[in-house]
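I have placed the structure first, in the form of structure tokens, so that the comments after it can refer back to it.
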Amino acid sequence: MSHVLHLDSSPRGSRSISRALTQEFVSNWVKHHPQDTVTYRDVGKRPVPPVNESWVAAAFNKSEVLPVELADVLQISDELIDEVVNADRYVFGIPMYNFSVPANFKAYIDQVVRINRTFTPTWEGLLKRKKMLIISTRGSSYAAGTDLVNYDFQEPYLRTVFGFIGVRDITFIYAENLNEGEEARRRSLAQARDLIQQMITTW
Ligand SMILES: Cc1cc2nc3c(=O)[nH]c(=O)nc-3n(C[C@H](O)[C@H](O)[C@H](O)COP(=O)(O)O)c2cc1C
């Protein structure tokens, strides 16, 4: 039995392809694994704040008890970290924005990657035995052999930053070429949906 953290990061609603695909995955997953539970987090529609000076002071505070003026500063970060700690599987929908991740998702990463909570001072990742599925939507294709192969800073970044906090079992499903004409879009969406179906039984 697993606990799934389902997260969307597109600022778009019903037009969002990544939202549609994570929803398709999670609803099928639950049908096949009815005892599993799901927590939902939407950083696209309900963005988390970027970290600020007080956040940094509180996160790196060395004393046992936080000074009173910093007592509540890490509340959102604590809540988000509790969600990743309590889940075994992560299903994240992340559009490619400017060759990387949307700013809302970067703000989420900055809240969750925290010393002594998700990594140690000696850089040991504390999220162990987790599985992550990233459904990434893209206007173009960055596949091997394409002109844009070196422009994909999203997958290497996400593998590095989540690997840093211990999550190394990461699968990417791309819905790509979404802005490259109807035929390319249709083909890519069909492929992504096939992979999603396969993952329901093999993940
Ligand atoms: C601000 C912005 C930046 C984008 N940057 C890229 C990009 O660098 N590369 C790319 O292939 N597509 C890019 N796109 C296209 C999106 O990845 C594509 O529209 C995707 O479907 C968005 O995900 P969503 O449908 O879940 O909202 C960008 C779209 C927006 C709105």
Side-chain angles (χ1 to χ4, degrees), residues 4-31 38-51 76 80 83-84 87 89-113 130-164 167 170-200 203:
V4 178
L5 174 60
H6 171 193
L7 176 147
D8 284 316
S9 61
S10 173
R12 301 202 295 172
S14 58
R15 290 191 183 87
S16 163
I17 309 293
S18 57
R19 274 177 199 278
L21 294 176
T22 60
Q23 181 56 48
E24 187 169 319
F25 182 89
V26 172
S27 51
N28 268 310
W29 179 266
V30 171
K31 267 189 213 141
V38 181
T39 293
Y40 183 60
R41 170 65 60 176
D42 189 342
V43 299
K45 289 288 181 202
R46 290 197 301 121
V48 299
V51 302
I76 292 171
L80 298 172
E83 283 177 2
V84 289
R89 293 172 190 264
Y90 310 131
V91 179
F92 285 11
I94 312 177
M96 178 183 272
Y97 270 17
N98 298 313
F99 312 113
S100 181
V101 298
N104 286 348
F105 190 72
K106 179 57 167 58
Y108 173 78
I109 288 175
D110 291 344
Q111 293 282 357
V112 162
V113 178
K130 311 288 190 187
K131 281 171 170 256
M132 175 176 267
L133 168 63
I134 294 178
I135 299 180
S136 166
T137 43
R138 292 134 177 247
S140 303
S141 173
Y142 301 80
T146 62
D147 290 347
L148 296 179
V149 64
N150 293 324
Y151 285 62
D152 181 358
F153 291 84
Q154 189 194 55
E155 175 170 342
Y157 172 61
L158 291 170
R159 285 194 185 280
T160 301
V161 74
F162 284 105
F164 178 65
V167 185
I170 306 180
T171 304
F172 278 80
I173 293 180
Y174 296 124
E176 56 182 13
N177 278 331
L178 297 175
N179 298 339
E180 300 293 342
E182 203 37 53
E183 176 53 23
R185 176 187 169 93
R186 194 199 51 74
R187 208 175 322 122
S188 175
L189 276 174
Q191 251 169 28
R193 291 205 153 101
D194 279 352
L195 291 171
I196 283 173
Q197 282 315 313
Q198 286 170 32
M199 284 282 284
I200 300 293
W203 196 36

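Indexing begins at 1, ligand by ligand and atom by atom, following the structure's order. Heavy-atom basis, side chains included; hydrogens, waters and symmetry copies ignored. Values in this document were obtained by computation on a predicted structure and should not be read as measured data.
A donor atom on one side chain and an acceptor atom on the other are found under 3.5 Å apart for Q154 and S136.
Listed by first and then second residue, the salt bridge (Lys or Arg N to Asp or Glu O under 4.0 Å) pairs involving residues 96-109 are K106-D110 (not counting sequence neighbours).
With S188 contributing its side chain and E176 its backbone, the two residues share a donor-acceptor pair below 3.5 Å. Panel note: side chain N177, backbone E180; no donor-acceptor pair is recorded below 3.5 Å.
Taking the six-membered ring where tryptophan is involved, the planes of W29 and F25 are essentially parallel, since the angle between them stays under 30° and well short of 60°. Between F105 and F162, the ring-plane angle classifies as tilted under the 30° and 60° cut-offs.
Taking a heavy-atom cut-off of under 4.0 Å, ligand 1 is surrounded by S10, R12, S16, I17, S18, P95, M96, Y97, N98, F99, T137, R138, G139, S140, Y142, L178, N179.
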